[in-house]
2 protein chains.
Amino acid sequence: MKLSGGVEWGLHCCLSLSQARAPVPAARLAELHGVSPTYLAKHLQALARAGLVRSTQGKDGGYALTRDAAEISLLDVVRAIDGEAPAFRCTEIRQRGPLAAPPSACVRPCAIARAMLAAEDAWRTALADVSIADLAQDVQGDTAGAAMPRLRAWLGGATA
Amino acid sequence: MKLSGGVEWGLHCCLSLSQARAPVPAARLAELHGVSPTYLAKHLQALARAGLVRSTQGKDGGYALTRDAAEISLLDVVRAIDGEAPAFRCTEIRQRGPLAAPPSACVRPCAIARAMLAAEDAWRTALADVSIADLAQDVQGDTAGAAMPRLRAWLGGATA
DNA sequence: CTGAACTCGGATGATTGTTGTCCGAGTTCT
DNA sequence: AGAACTCGGACAACAATCATCCGAGTTCAG
């Protein structure tokens, strides 16, 4: 199983934006995280399409969260960037081969698909229970309260 | 997020093997499920490497489960075919850029990685709680007890 | 009102992983 | 001893991801 690499970037960006009071350009976010500016822009577009961030054009423009960080879950970000398709896709093997089941008996997903999708639901539930605000609080604890003030100061306008 | 397509085949094969009393060749399993014989063989090799099935060569050879179906979880099959690498791979973004955290402060995973890996653990736990034997029982219920006898009869030697 | 600079947005190519296939080594039964 | 059947690993084709560029739109300053 593999998750799109852009998910990590998107989560870090949302976490950073939760500490910003003004729109932040994509290039600034890329500099902050040390990643490719052009490619990060692509993922930010995905966040904008999902309605998680709002883009402002022109001078002093950039990206900003559309709602409070406590109202954005990790699942929202993951679905925006990685897509909403389930990891397990049932190809209805039971309807193929010499012992094929008739379509009339396949109104509900097969037992294998049910178990796999149930596991994915557990995964989604775990992600939905954590918000961007929760992440910010955890980072505060990890860094003895030093990380977020430094981040806010840098976003405020510091060049280095 | 995307799961290897071979996982579905592997699960169906394990379910079928749980009903077999003699080794089943890969070609027979491929015919049963209506999939590519050569590619299915590749995934069966992965199951053999993981120790879930044992291969017997020569005439009347094939694959057989190494232990009771109740002792094989869906997680075992998924890890054998899809690999054990976590879906979310932290690239330590926090150590890059102008606000890079010193390595001394990174002895434990960052808050984002902790949350993502916790969600994956929930997924794995859900998969570990279901065994191949559970699947067989569910299919029995879905088909009013008709599927498994037919499967055993076909595996017994029927040509169609 | 005009101009210019800065921003995002979608369209375009390279690279890695997965999918699918083939042939050779080994083993078992005749 | 022979022959047929089995698995096992090595070899291409496809797709999706990763990465990049240039154009459209907007905002602020003059």
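A, B, ... follow the sequence lines: proteins, then strands. Residue 1 opens every chain. All heavy atoms count here, side chains included; hydrogens, waters and symmetry mates do not.
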Q: Can you sort out which residues in residues 33-44 of chain A have a heavy atom within less than 4.0 Å of DNA chain C? Ascending by number, please.
A: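 Correct list: A:K42.
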
Q: Check every strand shown and say whether B:R49 touches a base, only sugar-phosphate, or nothing at a heavy-atom separation below 4.0 Å.
A: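 Sugar-phosphate contact only.
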
Q. When all nucleic acid strands are considered with a 4.0 Å heavy-atom cut-off, which category describes B:A27: base, sugar-phosphate, or nothing?
A.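 No contact.
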
Q) Is B:D142 salt-bridged to A:R114, going by a charged N under 4.0 Å from an acidic O? A) yes

(Q) With a 4.0 Å cut-off on N to O distance, would you call B:R96 and B:E92 a salt bridge? (A) no

Between [X] and [N], is there a contact of a side-chain N or O with OP1 or OP2 at under 4.0 Å?
X	N	answer
A:Q45	C:dG10	yes
B:S55	D:dT6	no
B:S4	C:dT19	yes

Q) Does A:G5 or A:G58 map to a spot on DNA chain D nearer the 5' end, using the closest nucleotide for each? A)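 Of the two residues, A:G5 wins.
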
Atom pair distance, as rounded to whole Å: [atom1] in [X] and [atom2] in [N]:
X	N	atom1	atom2	result
B:Q57	C:dG26	CD	P	9 Å
B:R28	D:dC5	CZ	P	13 Å
B:E31	D:dT6	CD	P	12 Å
B:R89	D:dT17	CZ	C1'	11 Å
B:R54	C:dT28	CZ	P	12 Å
B:K2	D:dA16	NZ	P	6 Å
A:D60	C:dC6	CG	C1'	9 Å
A:L47	C:dG9	CG	C1'	14 Å

If every non-hydrogen atom of [X] is compared with every non-hydrogen atom of [Y], which pair is closest and at what distance?
X	Y	result
A:V139	A:A147	CG1-CB, 3.9 Å
B:M116	A:L127	SD-CD2, 3.8 Å
A:Y63	A:A41	OH-O, 4.4 Å

Q | Among A:I81, A:L44, A:V35, A:L29, the one residue meeting side chain to side chain contact (heavy atoms under 4.5 Å, CB included) with A:W9 | A | A:V35

Q. Have B:H43 and B:S4 got a donor and an acceptor in their side chains that come within less than 3.5 Å?
A.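 No donor-acceptor contact under 3.5 Å links the two side chains.
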
Q.
Side chain of B:K59, heavy atoms from C-beta onward: which of C:dC29, C:dG10, C:dG26 has the nearest atom to it?
A. C:dC29

**Q.** Nearest-nucleotide pick for B:W9, side chain only, options being C:dC29, C:dG26, C:dG20
**A.**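 Closest of the options to the side chain of B:W9: C:dG20.
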
